[in-house]
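Just below is one structure, and these are the notes that go with it.
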Amino acid sequence: MDKFYKLFISFSLMLVLISLFTFSSFGNKYSANYLDSTSFNEKLIEFKSKLSHFELNRLNKEEALKQLDVTDDEIHSYRYSYGTLSEQVSNIHMQYETDLQDAKEMKAVELYKRLKKERDTKVKDITKNFEDNDYVKEKILKDKKKELNKYYKELESHIATMKSEYPYFSYELKNVKTGKVYKGGDLENANYFRVDYTSKGNSAFKDTRPLTELTYAIPNSDGNQTAFENIEIPLTKDEYTGTISISDEAAVGSEIEKMVMKYDIIHNVLLIIWIVSIICLFISLILIWSKRKIYKKINIAIEFQLFFVVILGIVGLGASVEIINGIRNFRDYADIMEFIYYSYAFLLLPIVLWVVCAWFISFVMSIILTAQDLHDAWEHSLLKKMKAVAESLMKVTPLVLKIMAYLVVVFLAGFGFCVMLLNAFEGIIVIIYLILFILFVVPTSWYFFKNAADLSAIMRSSENFVKNKKKTEITVSKRSSFKQHADDVNQMQSGVVTSQFEQNKSERLKTELITNVSHDLRTPLTSIITYTELLKKEGISDEEKLQYVDVLDKKSQRLKTLIDDLFEVSKMSTGNIDLHRQDVDLGQLVQQAVGEHEGDIEKSNLRFNVKVPETPVTVLIDGQRYWRVIDNLVGNAIKYAMEGTRVFVTLEETAVSTELVIKNISKYEISEDVDELYERFKRADASRHTEGSGLGLAIAQSIVELHGGYMRIEIDGDLFKVTVTQPKN
């Protein structure tokens, strides 16, 4: 059933097309019978014009010869018919050059003289044409008289030809001026057609068209055709009253009767086609709306679908025009062979048009269905693929070639605009130019000025950054020619800003480092100097001396530890240290480091929660150095963890790495800048009342990085968390 609906809808479209073309071509010609139609009226006008030329308004030969004249335009045309004087003379010399040369070589003196005289005579004649108007006028009059004599000599044959072409017309006409009556044909039974002319109404013969405008050429006695190009046959231009008619007997079997029959057939057929097409169109619109699901999307790019719609539309219009031409030829030709010749317009072309309409509707419905999902249509469109290719080409095309291409487009657009102005009255030229302008000039201009705007933005940002040292983020589209350049400028600005920040930070940390080192070294050194001075005093007891020496020993050890740690960090930061790697159970190393601080843990009133895997966690490391990492981190937790809280030490193992996590609650307010905690001599105790060098985390980080691992510090309020990740390999 769906196929039937599709066939009916396409058939309806075919009928509508044929109806539209037939109505536009014949709608105004088939509102009455044939004798009232334009076609018959044209025949009547032709008959009247020829009757006027050959019988009614012709002058006698002597009067016609007297009226012959030559205009200036005719003289000019005759004179320049073969070019200018120099061109015509040159052509004559060229025509005779070969013959004269041959006669000279053959020593034919008489022939040579005759040819030369003939050439000179022609040259003289042409030269006189350009010098004497009367000479040219006489030659033109001579030609006109010759043509006019020929016309009057063959006038009777012209009249006979006219009457043989229009045997069905009868006439009885009276010259209003002279009273002379002209008769022809059957005037008694003029019931088939009749038109009367009165002195008050339309004059019968005011149409005085030149004979060359008539619809057929008149045969000469020698079999050729007279064109009457050189003269206009003089006419009296009198007015006539009377009747032109067609009798019933004259119409029987004549061309008129055949044309009437064809006219009636075409009129009825067209009327039926128009009515049926309106009904079918109404039904088809209902079917398309109610049965639209019978049409499916065609899985090709929407551009190809549009292309096929245009091609099918052109083919359909062409087939419709040919059908109309067939109908017109059937109307105009009475011969049955002509009807057979043009019958393809009634048989083959409608079938072709039907098939074209079926495909046309299928593609149109597919386009409608495809357009319902614009995103999907765009994703599968040819235009997107072309856009991607164009963008790829634009990315690799040098800037100078892009500018040259745009200049070429602008030049062609200007040239096309000039061509359009010269052909402004031809609508198709204007339409083509506008389409090309929209397709090529608008996109390329937009692309060019968009890139120019991007370049301007990059320049402004660079200038602003140089002057104000203020970073301005440059944002351009991904398809911009300057996208990479904008990213480079953004990266450069970020690098400069980061460098400035790091430089400022480095200066600040350097100052803090000097201050901290000075403080940490000066404290034990001051104690050493003080107690040394005390030992120098007289009168102190041995017990006091022992106490002073003990203080000197502790402060000296403290000073030694600070200096050793400082050298240790320096060596590690430069990589000037050797690692002695071996398989070490990292879990045992953690237990050992925590165990050695057991006394300090008890004094600090902290609870350590240690979780290590039960199975050995073997890692290829320098055990002594790595023990220093764990020792520093555990010692750091003991120093800075809040009393009475828990410290969590967790060791976990994965297939590729180990992860040691130490978490505690800090008793000091910690800076949110985590990076500063890695700096040398940096302590959580900013007042520096606690023991330590401030190098613990820096040393630990250096050792971990030397082993190919990394250490991460996280701060959440007072929660301090250190994570040490060590690859197994």
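Every heavy atom of this structure was used, including side-chain atoms; hydrogens, water molecules and symmetry mates were not. Numbers here simply count residues along the sequence, with the first being 1.
Not counting sequence neighbours, the partners of T71 by the side-chain contact (heavy atoms from CB on, under 4.5 Å) test are D73, E74. With sequence neighbours excluded, the residues that form a side-chain contact (heavy atoms from CB on, under 4.5 Å) with L85 are V89, I126, T127, F130. In this structure, the side-chain contact (heavy atoms from CB on, under 4.5 Å) partners of V315, at least two apart in sequence or on a different chain, are I311, V356. For K139, the salt bridge (Lys or Arg N to Asp or Glu O under 4.0 Å) partners two or more places apart in sequence, or in a different chain, are D125. Evaluation of the salt bridge (Lys or Arg N to Asp or Glu O under 4.0 Å) rule for K43 yields E255 as partners, not counting sequence neighbours.
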Query raised in the report: Should H76 and Y78 be marked as a side-chain contact (heavy atoms from CB on, under 4.5 Å) after you check the CA-CA gap, both sets of side-chain angles, and the distance that decides it?
Result: CA-CA 5 Å; H76 184 274; Y78 185 90; over 6 Å; no
Query raised in the report: Between E55 and Y171, is a side chain to side chain donor-acceptor pair (under 3.5 Å) present by the stated rule, with each step listed?
Result: CA-CA 12 Å; E55 185 169 359; Y171 59 92; 2.8 Å; yes
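In this structure, the separation between CZ on F169 and CG on L51 is 10.5 Å, given to the nearest 0.5 Å. For the atom pair OH of Y240 and NZ of K48, the computed distance is 13.5 Å after rounding to the nearest 0.5 Å. For the atom pair OG of S90 and CD of Q95, the computed distance is 10.0 Å after rounding to the nearest 0.5 Å. Note that CG of D143 is 12.5 Å distant from CG of L148, once rounded to the nearest 0.5 Å. Considering NZ of K66 and CG of N60, their distance stands at 8.0 Å, rounded to 0.5 Å. Taking CG of L35 as the reference point, atom CD1 of I246 lies at 6.5 Å (rounded to 0.5 Å).
In terms of modelled atom types and a separation under 3.5 Å, the side chain of D132 and the main chain of K128 share no donor-acceptor contact. With hydrogens and angles disregarded, a donor-acceptor distance shorter than 3.5 Å links the side chain of S445 to the backbone of V441. The main-chain N or O of V176 is never found under 3.5 Å from a side-chain atom of E239 such that the two would form a donor-acceptor pair. Not a single donor-acceptor pair under 3.5 Å links the side chain of K144 to the backbone N or O of L68. Of the possible polar contacts, none joining the Y192 side chain to the E249 backbone as a donor-acceptor pair under 3.5 Å is found.
One finds a salt bridge joining D196 and R194 here, because a Lys/Arg side-chain nitrogen approaches an Asp/Glu carboxylate oxygen to under 4.0 Å. Ion pairing between K50 and E165 holds under the 4.0 Å rule for side-chain N and carboxylate O.
At a threshold of 4.5 Å between non-hydrogen side-chain atoms, the residues V70 and V136 do not count as touching. Here the side chains of F308 and V364 are not in contact, with every heavy-atom distance at 4.5 Å or above. The closest side-chain heavy-atom distance from V181 to L173 is not below 4.5 Å.
When the shell of 6.0 Å around CG of D72 is examined, it contains 12 or fewer heavy atoms from other residues, nucleotides or ligands. More than 12 heavy atoms of other residues, nucleotides or ligands lie within 6.0 Å of OH in Y135, so this atom counts as buried by the packing criterion. For F307, the CZ atom is loosely surrounded, since the number of other residues' heavy atoms within 6.0 Å does not exceed 12.
Inspection of the S86 and T84 side chains reveals an N or O donor paired with an N or O acceptor under 3.5 Å.
Note: Y166 and Y168 have perpendicular aromatic rings, judged against thresholds of 30 and 60 degrees for the angle between ring planes.
For F193 and F40, the ring centers are positioned less than 6.0 Å apart.
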For residues 109-123, which side-chain N or O atoms pair as donor and acceptor with protein atoms under 3.5 Å away, sequence neighbours left out?
from	atom 1	to	atom 2	distance (Å)
E118	OE2	Y96	OH	2.5
T121	OG1	K117	O	2.7
K122	NZ	Y96	OH	3.1

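Across every non-hydrogen atom of I438 and V442, the tightest pair is O-CB, 3.7 Å. Closest approach of P167 and S164 over heavy atoms only: CD-O, 3.4 Å.
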